[in-house]
Each structure stands twice: as structure tokens, then as C-alpha cells.
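It should be emphasised that the depicted structure is a prediction, and the values quoted were computed from it without experimental measurement. Per chain, numbering begins at 1; letters A, B, ... match sequence-line order.
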2 protein chains.
Amino acid sequence: MSETSWSPPTLLVTVDLVILTLRAGELNVLLVERGVEPYQGEMALPGGFLEHDGEDLLAAAHRELDEEANLAGAVLHLEQLGAYGDPSRDPRGRVVSVAHLAIAPGLPEPEAGSDAAGARWQPVGAVLSGEVRLAFDHLRILADGVERARAKLEHTALATAFCGETFTISELQQVYEAVWGVEVDPRNFYRKVQGVDGFIVPDGHKATRGRPARLFRAGARASLHPPIVRPG
Amino acid sequence: MSETSWSPPTLLVTVDLVILTLRAGELNVLLVERGVEPYQGEMALPGGFLEHDGEDLLAAAHRELDEEANLAGAVLHLEQLGAYGDPSRDPRGRVVSVAHLAIAPGLPEPEAGSDAAGARWQPVGAVLSGEVRLAFDHLRILADGVERARAKLEHTALATAFCGETFTISELQQVYEAVWGVEVDPRNFYRKVQGVDGFIVPDGHKATRGRPARLFRAGARASLHPPIVRPG
DNA sequence: CGAATAGTGTCTATAAGACATTATACT
DNA sequence: AGTATAATGTCTTATAGACACTATTCG
């Protein structure tokens, strides 16, 4: 392959977002309704084109998070998922998308009237089952994002990113159950999370109907030793 | 953000390769000497620009594997590592690289005179320690690739991709030791690998100096239950 | 004192880590 | 017989999973 006087092809790059949160004990993903062709009127992951002025991929993801979802400040976790470059993934031509995974604590419905108009939380289950259709290859990207989140719950403190500043152990357990889609034994769960040094640290108490629950907040440890493994 | 009569920026996309193999019990990576600016004369990961004619990212990685390393047929494992898009990573301007991880069984020195001229196996340790310098952000990409390989050894049958068609258990053990950079107890290792159903299947015997070793080949199981975890 | 929710203790099975000996072939 | 390499068994410790009871608050 000679490189003399040959100029390489340039192409379009987008940043797409899998934004997960927990609503009413169910794993939800933020979707937007497309206002333009292609796939006009269909649901899709939030995202947009990469600006070329000195903007890192992660920075672009943060910008889209703000522009399309009004979630500039609230986010606790954002990481790259991977690049998607199937030549037929976008009917407009060759577009490579760099997908990112964002985790947000439980949030209200996005306000209409902003850039996030048409943005809606949808239960992940309904989307993965095909009940809600997604544009482009966004179903695959979502599936990869959910699997990434499930796997990271085992070895990292990601679960705390689904919670608010403080949380109870049973709230944390609900995170694991909702994301994994399985039930967890509370006794073994209490034992495990308290056995991981630096995972969660005590922070007061919470009044409930019944015995008050101890409150915790995220500790300094990012990786869990030993891991909290999912059954199977 | 209005999208009326605004055309999004196009940019350059490359495919870079972290090609790992085992040579003399040591983890090696394939590097090429750059023939053109920038970084002319320095070592870099093999890679090239993405062609825009109907070529998937993985297909592009396979093509570069052939063009730059003459490894079209030999490869047993190839997967995407991630996208690297720091605006300052390439002095020529905005270039996003989609990095891939390739695992090859032990191979001889690449032939000179081909497209792979200037390609050389280098011990990973020497590169990660800074003894051998890499162009662009390729050191970080390499580090990510090695960490990915180390992690995947635990939960997948990736280790067999470092071996030939058949291998002995102690050869397999050497793979784990070389990639992880730690020593492993042979007795516990034998017990573990044989306990994972479908990981390796018997395939004859191999004459050695001493008691003949049983030969195995890769089994059907891709994910390991229970995992072969690294110490630490 | 009863209802509601939070939190804990025990037993068993499975896996991990440390360690020494036996087995088979070749010279 | 000696040497070189392959393969295995046992003991101890740690972690996982199943399971039922005690603790604290409020009305």
C-alpha cells in the first residue's frame, strides 16, 4: 500500500449515550424521539456529532448529556462503551459512533421545552424485548451497555452511582436486583457489602415506617475485593 | 443547538492493533517503525486509515493485520478495545483511532521485504517500562490491551488463542504466567483447568524429555465456570 | 402490643491456596 | 539406575448459598 499523494477518507463521527437510571425499582434508559430523517419519529439513544475543536470523546459525551438530557451536573459515572462502525448502520452513509455509558441516580421526567424535549425514560426490559423499537443499531448498543453495567456491578462500586448521596443497604440491594434482573438474599447481601472494605461508609440514619435504617454513602474504594458476583 | 443548514465536521479514523503473542515465555507485542512523519523512525502500533467502502471496523482490523503484519490466516482472536479521540493525540489534527486487540500463537520474526518490513516483536515489559518509546498515545493503548488480555484470561478461554492447535497443560500455564506476570502453582492449576468443563479437551500425547505430556486442544466453552482468577 | 421494616447468626458446600510425592519415559 | 518432566492427593482456610430469628421504631 503506497501512501504517496493519497489522502485518506474523512468521515462522520457521532457520540451516542446509554443513560441508565432506576425508576420505581426498574432499570430505565433515556430515549429521544428523532425530529429529522432518517428514522424520523422513532426512538433513539441521545447523541450527536463530534465537534472537531479540541474536544475529547468523553467531553463530547458530557456535552451531549447536557444538551440532550439536561443532566450536566447530576451524573456520577460516564465511560466509553466502544465504537460502532458497521457500514450499513446509518442510511446517510458512513458514520462511526462512539457509544458511552452514563449512570444517573433516580430522576424525574425530563422537562419539555428544553433541548431535551421528546426525551423519555423507558423501561429497559420493554426495549430489549422489542416492544419499543430503536433507530439505527441502537438496540445492540443498549444491550452492550446493559451488559457492561451488569458486569461492572460485580467488580466495581458502580451500584452507588445509581443511588443518591446517601442510601440504605436495602436500596443498594434493589439496584443490584433491578440491573441484574434477579432476586438477591438480603442476609448474604448485607454480609457481602459490609465485608468489602471501603465500599460503603456509614452516614447517619433514616427514619422509616419500622426500624430506622442505617444510611451509607459511597466509600473511596472503586474496585470490590472480594467481588459481589451475580448468580448463574 | 440548531441543525438547520449546518453540516457536521468530518474527520479521520484509524484502526490500530495491539497484537500480542508469546515468544520464549515472554509476552510480546508487534511494533512497526514509522516511515513517515509524524514520529518518523519511532516505533508504533500497526494500523492504518479506515477505508470508507463498506468495510466494518473489525474487517478493517483484519485487513491491517494482513497488510502490516502478514497475519491474515494465523489469528485466533480479534476484538475491539475502544476508541481513542484525545484532540492532541495526533499532531496532524483530529484523528480518532479505534484500537483492536489481536492474539496470535507463537510466531517467527516477521519477514522483511513485505509490507511488514520494519515490523518487530518487542517484549511488552520493555515497552510498558518506557525502555522502548511509542508514538502517539500508543503506550496507553497498549497498556489497555494488556490489561484487557489479563482480565479476559480469567473468565474466557482466551489463553488457548496464545497456543497452537494443540498444547500441554504446562504450556497453557506458561501463557497465564507470562500474561499475568506472576507464577502459578502447577498442582492447583491442573486441578482448576481440568475442573472447567469444556475448556480443554484431550488430543493425544506429546513426546518430551521425561514423561510424555498429554496434549489438549481448545474446547467448545468460551466462558470459564468457575473462572481462573489471578492472585492479588 | 402489634405491625412493619432493619439487621444478624449458623450451617453446609464449594473453591482456593499451600505443600510433597508418585508416575512415566528416555539415556 | 538415574534423570527429567508430568501428573496427582490432602489438608486448611475462605467464600458462597440456603435458611429463620431477633431488634427497633411507630401507631
Side-chain angles (χ1 to χ4, degrees), chain A residues 24-25 150-151 153-155 159 163 166-177 180-217 221 223-232, chain B residues 24-25 150-151 153-155 159 163 166-177 180-217 221 223-232:
Chain A
R150 285 178 174 159
L153 244 48
E154 298 190 301
H155 303 281
C163 301
T166 60
F167 47 87
T168 69
I169 292 193
S170 68
E171 282 167 356
L172 190 64
Q173 176 181 339
Q174 286 165 33
V175 172
Y176 277 87
E177 291 181 329
W180 282 348
V182 298
E183 293 208 332
V184 170
D185 183 286
R187 298 163 291 214
N188 296 334
F189 186 78
Y190 272 65
R191 169 160 46 84
K192 284 187 189 178
V193 294
Q194 306 227 46
V196 181
D197 206 60
F199 181 17
I200 56 176
V201 299
D203 188 22
H205 288 266
K206 177 193 192 179
T208 63
R209 174 105 179 79
R211 175 174 176 174
R214 301 184 66 186
L215 280 176
F216 296 84
R217 50 188 175 77
R221 189 63 30 81
S223 59
L224 307 186
H225 296 288
I228 314 276
V229 288
R230 47 183 157 169
Chain B
R150 285 178 174 160
L153 244 49
E154 298 189 301
H155 304 280
C163 302
T166 61
F167 48 87
T168 68
I169 291 193
S170 68
E171 282 166 355
L172 190 64
Q173 178 181 337
Q174 286 164 33
V175 172
Y176 278 88
E177 291 181 328
W180 282 347
V182 298
E183 292 208 332
V184 171
D185 183 285
R187 297 163 290 211
N188 296 335
F189 187 78
Y190 272 66
R191 170 162 44 85
K192 284 186 189 179
V193 293
Q194 306 226 44
V196 181
D197 205 60
F199 181 18
I200 57 175
V201 299
D203 189 21
H205 288 264
K206 177 193 192 178
T208 62
R209 176 109 179 76
R211 176 175 175 174
R214 300 183 67 186
L215 281 175
F216 295 84
R217 52 190 174 74
R221 189 64 30 81
S223 59
L224 307 186
H225 297 288
I228 315 276
V229 287
R230 46 183 157 166

J.: Whole angstrom is fine here: how far is it from NE2 in B:His205 over to P in C:dA23?
T.: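 In whole Å, C:dA23 P lies 17 Å from B:His205 NE2.
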
J.: To the nearest Å, give me how far apart CD (B:Glu154) and C1' (C:dA15) are.
T.: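 Atom CD in B:Glu154 sits about 15 Å away from atom C1' in C:dA15.
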
J.: Quick check on salt bridge (charged side-chain N to carboxylate O under 4.0 Å, His left out): which of B:Glu154, B:Glu177, B:Glu183 does B:Arg230 satisfy it with?
T.: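 That would be B:Glu154; it is the only one of B:Glu154, B:Glu177, B:Glu183 passing the salt bridge (charged side-chain N to carboxylate O under 4.0 Å, His left out) with B:Arg230.
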
J.: Would one find a side-chain N or O of B:Lys206 under 4.0 angstrom from OP1 or OP2 of D:dT5?
T.: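 Result: no.
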
J.: With a 4.0 Å cut-off on heavy atoms, is B:Gln194 in touch with a base, just the backbone sugar-phosphate, or nothing at all?
T.: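 If one applies the 4.0 Å heavy-atom cut-off, B:Gln194 turns out to touch the sugar-phosphate alone, with no base involved.
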
J.: Do any side-chain nitrogens or oxygens of A:Tyr190 fall under 4.0 Å of OP1 or OP2 in C:dG7?
T.: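 It does, given that an N or O in the side chain of A:Tyr190 lies less than 4.0 Å from OP1 or OP2 of C:dG7.
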
J.: Please report, rounded to the nearest Å, how far the P atom of D:dT5 is from the CD1 atom of B:Ile169.
T.: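 Atom-to-atom, B:Ile169 to D:dT5, this comes out as 18 Å.
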
J.: Nearest 0.5 Å, what's the NE2-NE2 distance between A:His225 and A:His155?
T.: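 Between atom NE2 of A:His225 and atom NE2 of A:His155 there are 9.5 Å.
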
J.: Whole angstrom is fine here: how far is it from CG in A:Asp197 over to P in D:dA14?
T.: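 Taking atom P of D:dA14 as the reference, CG of A:Asp197 is at 16 Å.
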
J.: Nearest whole Å is fine: how far is C:dG7 P from A:Phe167 CZ?
T.: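 Between P of C:dG7 and CZ of A:Phe167: 12 Å.
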
J.: Rounding to a whole Å, what distance do you find between A:Leu172:CG and C:dA6:P?
T.: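 In whole Å, C:dA6 P and A:Leu172 CG are 13 Å from each other.
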
J.: Rounded to the nearest 0.5 Å, how far apart are OG1 of A:Thr168 and CZ of A:Phe216?
T.: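 The CZ atom of A:Phe216 is 9.0 Å from OG1 of A:Thr168, to the nearest 0.5 Å.
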
J.: Which pair of heavy atoms, one from A:Val196 and one from A:Pro226, lies closest together, and at what distance?
T.: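 Answer, listing the atom of A:Val196 first, then A:Pro226: CG2-O, 3.5 Å.
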
J.: When the distance from CD of B:Glu183 to C1' of C:dA18 is rounded to whole Å, what number comes out?
T.: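 The distance from CD of B:Glu183 to C1' of C:dA18 comes to 14 Å, rounded to the nearest Å.
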
J.: Of all the heavy-atom pairs spanning A:Trp180 and A:Leu153, show the shortest one and how long it is.
T.: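 In this case the closest contact between A:Trp180 and A:Leu153 is NE1-CB, 3.8 Å.
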
J.: Looking at every strand, decide which applies to A:Thr168 at a 4.0 Å heavy-atom threshold: base, sugar-phosphate, or nothing.
T.: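 The residue A:Thr168 makes no contact with any strand.
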
J.: Distance from B:Tyr190 atom OH to B:Ser170 atom OG, nearest 0.5 Å?
T.: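 Output value for this atom pair is 5.0 Å.
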
J.: Tell me: CZ of A:Phe189 to P of C:dT8, nearest whole Å?
T.: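 The distance from CZ of A:Phe189 to P of C:dT8 comes to 14 Å, rounded to the nearest Å.
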
J.: Could you tell me whether the side chain of B:Gln173 reaches within less than 4.5 Å of the side chain of B:Val193, counting heavy atoms only?
T.: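 Answer no - side chains too far apart.
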
J.: For every nucleotide of nucleotides 19-27 of chain D, 5' to 3': is a protein heavy atom under 4.0 Å from its base (B), only from its sugar-phosphate (S), or from neither (-)?
T.: BB--BBB--

